[in-house]
**Q** 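Pasting in a structure now, in structure tokens, and then I'll have a few things to ask.
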Amino acid sequence: MNLSIVNLASIAVFLSVFLFPSFNSTYWLKWRASLIPSTKFGADLIVKNGVIFTSDPSFPFANSMAIRDGRILRIGNYSSLQDLSGYGTKELNLEGKVVVPGFIDSHVHLISAGLQMARVQLEGVNRKDEVVRRVKEAVLNVKRGSWILGGGWNNDLWGGELPMASWIDEVTPDNPVWLTRMDGHMGLANSVALKLAGVTNLTKDPNGGKIMQTADGEPTGLLIDAAMELILSWIPEASVDERREAMLRASSFALTRGVTTVVDVGRYFPGSSVEHSWQDFSDVYQWADSSGKMKIRVCLFFPMETWSRLHGVIHRAGRALSNWIYLGGVKAFADGSLGSNSALFHEPYFDDPHNYGLQVLEFESLFNMTIASDMSGLQVAIHAIGDKANDLILDMYESVALKNGKRDRRFRIEHAQHLAPGTADRFGQQGIVASVQPDHLLDDADAAIRKLGVDRAQKGSYLFRSLLSSNALLALGSDWPVTSTYPLHAIRTAMNRIPPGWDTAWIPSERLSLNDALIAHTISAARACFLENEIGSLSTGKLADFVILSSDSWDEFATGGSTSVNATYVGGIQAYP
């Protein structure tokens, strides 16, 4: 520190203590801070005059906060921060706007989302002819023989009829096509792709998968879960540059929605290679981190089959590789999805009475990998949608915990969409994280009633309030690109539960309050992946990730549905717009 500054500060202390005992200490502190560089004593940024929701129950609201070196130095009233305003300190006047912690999306496939943004997008399409038109348009922009990739279609939007290869064969005579359903558990191949992959009426269903067939035994073009590998293995891998661009593209979009951290479960789906997540880790994330290109924070989960590899990396480097990349744990699949009729239920599908769904992995294999992963100290997350799949995983988690001994393990169940009576209570009793996606219920409401019957759909679907009441740790996410990452929309969905075309809420007793939904998208989402000491709330010492909303008051935010993101800050630096 400059010697003259030290001397001036010393004189100030002498004068204030011995000559001017009544000298106002606040003014002295503020003057002292102005003499000392902000990186040593004062704040880099003071955010003031707002309605700041902290997600910290001990201090839920503030109007100002001071930030230094990317972390929150102090939060409270503006008057309590003035001593931190020094040379070089900038001030941001919120003019009464609402501020919330940066949103954490608890379940995304980030690079898949970025890749999909550059492919045939079928999300929201509600007519067969529009599907055909978009595919035909894509053909015009590629060479003969090149793959046409896309996804996001939801057959429920056009009445439930499943698409067939014949829909698109006429417009794609020379190009193989692969279009994934919105949930990622079913895909449509055209006849060129089926021929290339050798899928015929003689091809048998693989374990954990199904090839849909016509009445005379011919493949329709639809493949479910593990059967998708028959096509996926023929699709050229996205290049390193394409995947890097996809991650950056998706990260930029996430910032527009106020998302500052994602739990990325990778490009790992039933039927896909377990190597994709590891390739993305080295080729994309480590590259972006070392070159200063990361825009949002990521907590990465890897295929459970590779648990020993992840254990080795964490043993060598720790869980936090930087302030941008955290190694979360391992993920596996118990079943498929409701929309693909492959979610696993105790009772058969109402519209398919011989079908109970699919168990994607053999139980013994899943059990052994979970024991090994947990014994190594890794967090385990398992996809379970149907009520039987959820019960199987809860039983397994209970057995693993008994075998491996007591510790803070925070087992996760991803989705937890349909639960048998009494199952929601087990989440709390066992300390299980329920990682749920509210916007899925908008697409599933009509389908659930059709596929499960009114009684089952009304009693066991998307039981957010029941899970929270059981003391389960509830973490909200999107499953992007299945649905777009949009926390403000997901929060409204969790509060209202009104599907498109409905006048009333679907199971109104399961609605969340605004406070509960915000907590589940911030600090609870951080706890769900062991990051509560770094992110999730606006508290002293935490990383300064926050979102400025368009609302001018808390009442406006609580009652209005038109709130949007004005600005997103990551580490105290404006990242959007």
Side-chain angles (χ1 to χ4, degrees), residues 106-107 208 263-266 268-270 274 277-278 281 298-321 325-335 344 359-385 388-416 419 423-436 467 470-475 477 524-534:
S106 294
H107 187 114
V263 177
D264 184 6
V265 293
Y268 175 55
F269 296 92
V274 298
S277 295
W278 287 100
F281 173 54
V298 295
C299 180
L300 304 177
F301 276 70
F302 296 82
M304 191 184 288
E305 291 92 330
T306 65
W307 67 266
S308 61
R309 199 187 314 185
L310 178 60
H311 173 64
V313 173
I314 292 176
H315 180 72
R316 291 191 301 272
R319 287 192 69 233
L321 302 187
I325 300 178
Y326 302 90
L327 302 179
V330 292
K331 187 203 172 193
F333 289 84
D335 65 347
L344 186 64
Q359 186 170 324
V360 175
L361 278 176
E362 293 183 0
F363 183 80
E364 184 178 358
S365 174
L366 183 59
F367 181 64
N368 290 335
M369 286 193 296
T370 302
I371 286 178
S373 300
D374 179 68
M375 191 175 292
S376 298
L378 301 175
Q379 188 179 19
V380 174
I382 298 180
H383 163 119
I385 288 182
K388 184 174 182 180
N390 277 276
D391 285 340
L392 281 171
I393 299 309
L394 287 169
D395 289 344
M396 185 184 71
Y397 279 164
E398 187 172 33
S399 297
V400 171
L402 286 172
K403 183 176 180 63
N404 286 350
K406 187 176 180 179
R407 72 176 181 88
D408 183 10
R409 44 179 45 93
R410 304 184 204 181
F411 280 143
R412 294 170 62 116
I413 289 185
E414 306 298 315
H415 310 305
L419 306 179
T423 297
D425 291 336
R426 295 184 62 190
F427 277 76
Q429 292 163 5
Q430 295 180 220
I432 305 299
V433 174
S435 171
V436 301
L467 287 164
S470 80
N471 293 319
L473 189 57
L474 194 69
S524 287
R527 290 192 186 102
C529 54
F530 290 92
L531 291 179
E532 68 271 24
N533 292 328
E534 291 291 295

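Values reported hereafter were calculated over all heavy atoms of this structure, with side chains retained and with hydrogens, waters and symmetry mates removed.
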**Q** Could I get the full list of ring pair (Phe, Tyr, Trp, His ring centres under 6.0 Å) partners for F269, not counting sequence neighbours?
**A**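 Ring pair (Phe, Tyr, Trp, His ring centres under 6.0 Å) check on F269 returns H109.
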**Q** According to side chain to side chain contact (heavy atoms under 4.5 Å, CB included), who are the partners of D425, at least two apart in sequence or on a separate chain?
**A** Q429, S470
**Q** Taking side chain to side chain contact (heavy atoms under 4.5 Å, CB included) as the definition, give me every residue that meets it alongside T306, ordered by chain and number, with sequence neighbours left out.
**A**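 Side chain to side chain contact (heavy atoms under 4.5 Å, CB included) list for T306, sorted by chain: V274, W278, F302, P303, R309.
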**Q** To the nearest 0.5 Å, what is the distance between OG on S435 and NE2 on H107?
**A**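 Between S435 OG and H107 NE2, I get 6.5 Å after rounding to 0.5 Å.
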**Q** Looking only at heavy atoms, which two atoms of G328 and C299 are closest? And how far apart?
**A**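 Smallest heavy-atom distance, with atoms named: CA-SG, 3.5 Å.
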**Q** Going from CG on L321 to CG on L327, what distance comes out if it is rounded to the nearest 0.5 angstrom?
**A** 4.0 Å
**Q** I'd like to check L366 versus I393 (side-chain heavy atoms, cut-off strictly below 4.5 Å). Are they in contact?
**A** yes
**Q** Mind checking side chain to side chain contact (heavy atoms under 4.5 Å, CB included) for Q359 and listing every partner two or more places apart, or none if nothing turns up?
**A** L344, F363, L392
**Q** Can you tell me which residue pairs pass the side-chain hydrogen bond (donor to acceptor under 3.5 Å, both in side chains) test with a partner in residues 360-370, sequence neighbours excluded?
**A**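 Residue pairs passing side-chain hydrogen bond (donor to acceptor under 3.5 Å, both in side chains), neighbours aside: none found.
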**Q** Is there side-chain contact between S399 and F367, with at least one heavy-atom pair below 4.5 Å?
**A** yes
**Q** Look only at the side chain of Q430 and the backbone of L394, and say whether a donor-acceptor pair between them is shorter than 3.5 Å.
**A**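 Yes; judged by distance alone, with no hydrogens or angles, the pair exists.
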**Q** I'd like to check F301 versus V263 (side-chain heavy atoms, cut-off strictly below 4.5 Å). Are they in contact?
**A** yes
**Q** Quick check for you: to the nearest 0.5 Å, what is the distance between I382 atom CD1 and E414 atom CD?
**A** 9.5 Å
**Q** Which residue is it: N390, I385, L467? I am looking for the one with a side chain to side chain contact (heavy atoms under 4.5 Å, CB included) to I413.
**A** N390
**Q** Please report the closest heavy-atom contact between A332 and M304, naming both atoms and the distance.
**A** CB-CE, 3.8 Å
**Q** Side chain to side chain contact (heavy atoms under 4.5 Å, CB included) for L419 and R426? Distances and angles first, verdict last.
**A** CA-CA 10 Å; L419 306 179; R426 295 184 62 190; over 6 Å; no
**Q** Let's go through Y397 and R409 carefully: what are the C-alpha distance in whole Å and the side-chain angles of both, what is the deciding distance for side chain to side chain contact (heavy atoms under 4.5 Å, CB included) to 0.1 Å, and is it a yes or a no?
**A** CA-CA 10 Å; Y397 279 164; R409 44 179 45 93; over 6 Å; no
**Q** For the atom pair CZ (F281) and CG (L310), what is the distance rounded to the nearest 0.5 Å?
**A**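 Answer rounded to 0.5 Å: 8.5 Å.
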**Q** Please report the C-alpha distance between I314 and R319 in whole Å, then the side-chain angles of each, then the deciding distance to 0.1 Å, and finally whether the side chain to side chain contact (heavy atoms under 4.5 Å, CB included) criterion is met.
**A** CA-CA 5 Å; I314 292 176; R319 287 192 69 233; 4.0 Å; yes
**Q** Side chain to side chain contact (heavy atoms under 4.5 Å, CB included), that's the test. Do V400 and V380 meet it? Break it down for me.
**A** CA-CA 11 Å; V400 171; V380 174; over 6 Å; no
**Q** Roughly how far apart are K331 NZ and S277 OG, rounded to 0.5 Å?
**A**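 Between atom NZ of K331 and atom OG of S277 there are 9.0 Å.
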**Q** Got a second to check how far L300's CG is from I325's CD1, nearest 0.5 Å?
**A**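 Between atom CG of L300 and atom CD1 of I325 there are 6.5 Å.
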**Q** Can you find a heavy atom in the side chain of V265 that is under 4.5 Å from one in the side chain of H383?
**A**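 SC-SC contact between V265 and H383 ruled out.
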**Q** Less than 4.0 angstrom from a charged side-chain N to a carboxylate O is my criterion; do R410 and E532 meet it?
**A**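 Here R410 pairs with E532 in a salt bridge, since their nearest N and O are under 4.0 Å apart.
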**Q** I'd like to know if K388 pairs up with D395 as an ion pair, taking the criterion as any Lys NZ or Arg NE/NH1/NH2 lying under 4.0 Å from an Asp or Glu carboxylate oxygen.
**A** no
**Q** List for me each residue that meets side-chain hydrogen bond (donor to acceptor under 3.5 Å, both in side chains) alongside E305, sequence neighbours excluded, and say none if there are none.
**A** Y268
**Q** May I ask you to test the H415-D335 pair for a side-chain heavy-atom distance under 4.5 Å?
**A**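 They are not in contact (no side-chain heavy atoms under 4.5 Å apart), so the answer is no.
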**Q** Are the side chains of L474 and S524 in contact, using a 4.5 Å heavy-atom criterion?
**A**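 No, every pair of side-chain atoms sits at 4.5 Å or beyond.
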**Q** Thinking salt bridges, do K403 and D374 make one under a 4.0 Å N-O criterion?
**A** no
**Q** Can you check whether H315 reaches S376 side chain to side chain, under 4.5 Å on heavy atoms?
**A**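 No, side chains not in contact.
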